[in-house]
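Below is one structure; the comments refer to it alone.
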Number of protein chains: 2
Amino acid sequence: MRIEDEIKQANFQSVYQKVYINLVYTAGWLELRQAAAFKEFNITLPQYNVLRILRGQHPRPSTVNMLIERMLDKTSNASRIVDKLEAKQLVTRRVCPSNRRAVDICITDAGLALLDTMQPMVEQQAHGLHKLSEQDAEQLSYLLDKLRD
Amino acid sequence: MRIEDEIKQANFQSVYQKVYINLVYTAGWLELRQAAAFKEFNITLPQYNVLRILRGQHPRPSTVNMLIERMLDKTSNASRIVDKLEAKQLVTRRVCPSNRRAVDICITDAGLALLDTMQPMVEQQAHGLHKLSEQDAEQLSYLLDKLRD
DNA sequence: GTACATTAAATGTATGTACATATATTTGCA
DNA sequence: TGCAAATATATGTACATACATTTAATGTAC
């Protein structure tokens, strides 16, 4: 459905206005779909993304700084997301021995197991994007990179 | 800058994974720029969007339901956004005479004046998207619509 | 015309975001 | 050595999001 119809607004001031609205709307649409699929695993999207970063480092520890660097939303509060994951025993946190300002964060076996359990769902979600051909997807990614230049 | 470099992740499971990440990242990037520009006007992006919808209806009133229908994020809490706008005296709210369950919301003169004041900034923001040609922007919008089909 | 469902909005709770500030540790340098 | 600056993280506050529940008004079936 065209963005004009989705938000019941017939015309835009410019094509740039339209693409901006469309971008924000589509990102929200995607996040909503993902969040719904994640709910049964009792985890949120930001928490999942942090877990994936930790798995990428495993068995080496990560720090909060490294999480922030790799997170999609760089201003979000990694400390508090780690709080939630720690409460669910999906990660461990302890003061880094070589730099006591930093905190070493590791994914636990339970965390790794959760990611495995979620894998089929994640693949199914990605499959939901196949309304685009691979060329379309590449082109879309290219245009988004260009937009941000 | 390519999304691979932005989030320091060299490769993705699939081009669909990449475009998903890119979309969420770019939408966040855009919102961050907008939010910063909005800050000097002491208003947030959702509040601005509600004001614009109200201006579109002016001088006819809108209801909370109508706001939700037209908002980008349909699950957000229109009531509380209207609360904030009412506290700043940018909108008025009173029980609808013909249906006392509903609430008539109108933009005030101060609200209209604020939108006028913000207009040059908004245009300048849109101008910031001109890294894309108009054709690029159309193509991007088309691909986003297709993605959601 | 009462009972039950539906509708419109508000409220409560948990989470996350944005940003300022605080605390502790380490580093650099006079 | 001692002290200021930089670094790593945590905390506080305001706002927004997601979603369940509540309250009030209206519609409808019997």
Side-chain angles (χ1 to χ4, degrees), chain A residues 24-25 27-51 61-88 90-91 93-105, chain B residues 24-25 27-51 61-88 90-91 93-105:
Chain A
V24 174
Y25 180 84
W29 178 88
L30 262 180
E31 284 182 11
L32 207 59
R33 280 174 80 247
Q34 296 274 47
F38 279 25
K39 214 187 158 191
E40 66 171 297
F41 297 98
N42 195 31
I43 197 173
T44 65
L45 205 51
Q47 289 172 15
Y48 173 76
N49 286 324
V50 166
L51 274 190
S62 308
T63 63
V64 170
N65 250 359
M66 182 186 296
L67 292 180
I68 291 170
E69 205 176 40
R70 286 173 160 71
M71 280 168 71
L72 294 190
D73 192 327
K74 305 204 183 298
T75 66
S76 105
N77 204 321
S79 279
R80 276 187 277 232
I81 293 173
V82 172
D83 284 349
K84 308 291 171 177
L85 292 172
E86 193 181 20
K88 293 180 209 165
L90 300 174
V91 308
R93 176 156 52 176
R94 67 176 232 281
V95 171
C96 172
S98 64
N99 179 353
R100 294 198 304 159
R101 284 171 303 186
V103 172
D104 280 347
I105 302 159
Chain B
V24 174
Y25 180 85
W29 179 89
L30 261 181
E31 284 182 10
L32 207 59
R33 281 174 78 246
Q34 295 273 45
F38 279 26
K39 214 187 156 190
E40 67 172 299
F41 297 99
N42 195 31
I43 196 172
T44 65
L45 204 52
Q47 289 171 15
Y48 173 76
N49 286 325
V50 165
L51 274 190
S62 308
T63 64
V64 171
N65 253 358
M66 182 186 295
L67 293 180
I68 291 171
E69 204 174 41
R70 285 173 162 71
M71 279 168 71
L72 294 191
D73 192 328
K74 306 204 182 295
T75 67
S76 105
N77 205 321
S79 278
R80 278 187 276 230
I81 294 173
V82 172
D83 283 349
K84 308 290 172 176
L85 292 172
E86 193 182 20
K88 293 179 210 167
L90 300 173
V91 308
R93 176 156 54 176
R94 66 177 234 281
V95 170
C96 171
S98 63
N99 177 354
R100 294 197 305 158
R101 284 172 302 187
V103 171
D104 280 346
I105 303 158

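Chain letters run A, B, ... following the sequence lines, proteins first and then strands; every chain starts at 1. Everything quoted here is computed from the prediction, not taken from an experiment.
- The two residues Met71(A) and Ala78(A) have their closest heavy-atom pair at SD-CB, 4.1 Å.
- Between Lys39(A) and dT15(C) there is no side-chain N or O to OP1 or OP2 distance below 4.0 Å.
- Rounded to an integer number of Å, the gap from CE of Met66(A) to P of dA8(D) is 11 Å.
- Rounded to whole Å, atom P of dA8(C) lies 18 Å from atom CZ of Arg94(B).
- Across dT7(C), dT11(D), dA24(C), the shortest atom-to-atom separation from the side chain of Ser79(A) is found for dT11(D).
- Of all non-hydrogen atoms in Ile43(A) and Leu51(A), the two that sit nearest each other are CD1-CD1, 3.7 Å.
- With sequence neighbours excluded, no residue forms a side chain to side chain donor-acceptor pair (under 3.5 Å) with Lys84(B).
- At dA10(C), one or more side-chain N or O atoms of Arg93(B) fall inside 4.0 Å of OP1 or OP2 (strictly under the cut-off).
- Across the interface with DNA chain D, nearest-nucleotide mapping of Gly28(A) and Asp104(A) shows Asp104(A) to be the residue nearer the 5′ end.
- When rounded to the nearest whole Å, the span between CH2 of Trp29(A) and P of dA18(D) equals 15 Å.
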Treating primed atoms plus P, OP1 and OP2 as sugar-phosphate and everything else as base, which nucleotides of nucleotides 12-17 of chain D get B, S or - for protein heavy atoms under 4.0 Å?
BB-SSS

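- If you take CD of Gln34(A) and C1' of dA18(D), they are 16 Å apart, rounded to a whole angstrom.
- Nucleic acid contact class of Asn99(A) (heavy atoms, under 4.0 Å, all strands): sugar-phosphate only.
- You'll find that the side chain of Thr63(B) is closest to dA9(C), out of dT26(D), dA6(D), dA9(C).
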Working note: Asn77(A) + Ile81(A), criterion side-chain contact (heavy atoms from CB on, under 4.5 Å); need CA distance, chi angles, decisive distance, verdict.
CA-CA 7 Å; Asn77(A) 204 321; Ile81(A) 293 173; 5.9 Å; no

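- Following rounding to the nearest Å, Leu32(A) (CG) and dC19(D) (C1') show an atom-to-atom distance of 11 Å.
- Relative to the side chain of Arg101(B), the nucleotides dA24(C), dA10(D), dT7(C) differ in distance, and dT7(C) lies closest.
- Rounded to whole Å, the distance from CG on Asp83(B) to C1' on dG12(C) is 14 Å.
- In terms of heavy atoms, Asn42(A) sits closest to Lys88(A) at O-NZ, 3.0 Å.
- Look at CG on Asn65(A): it is 17 Å from P on dT25(C), rounded to the nearest Å.
- Residue Leu67(B) comes nearest to Ile105(B) through the heavy atom pair CD1-CD1, 4.0 Å, listed as atom of the first residue, atom of the second, then distance.
- Residues Asn49(B) and Arg70(B) fail the side-chain proximity criterion, which asks for heavy atoms closer than 4.5 Å.
- For Ile68(B) and dA18(D), the CD1 to P distance is 13 Å, given to the nearest whole Å.
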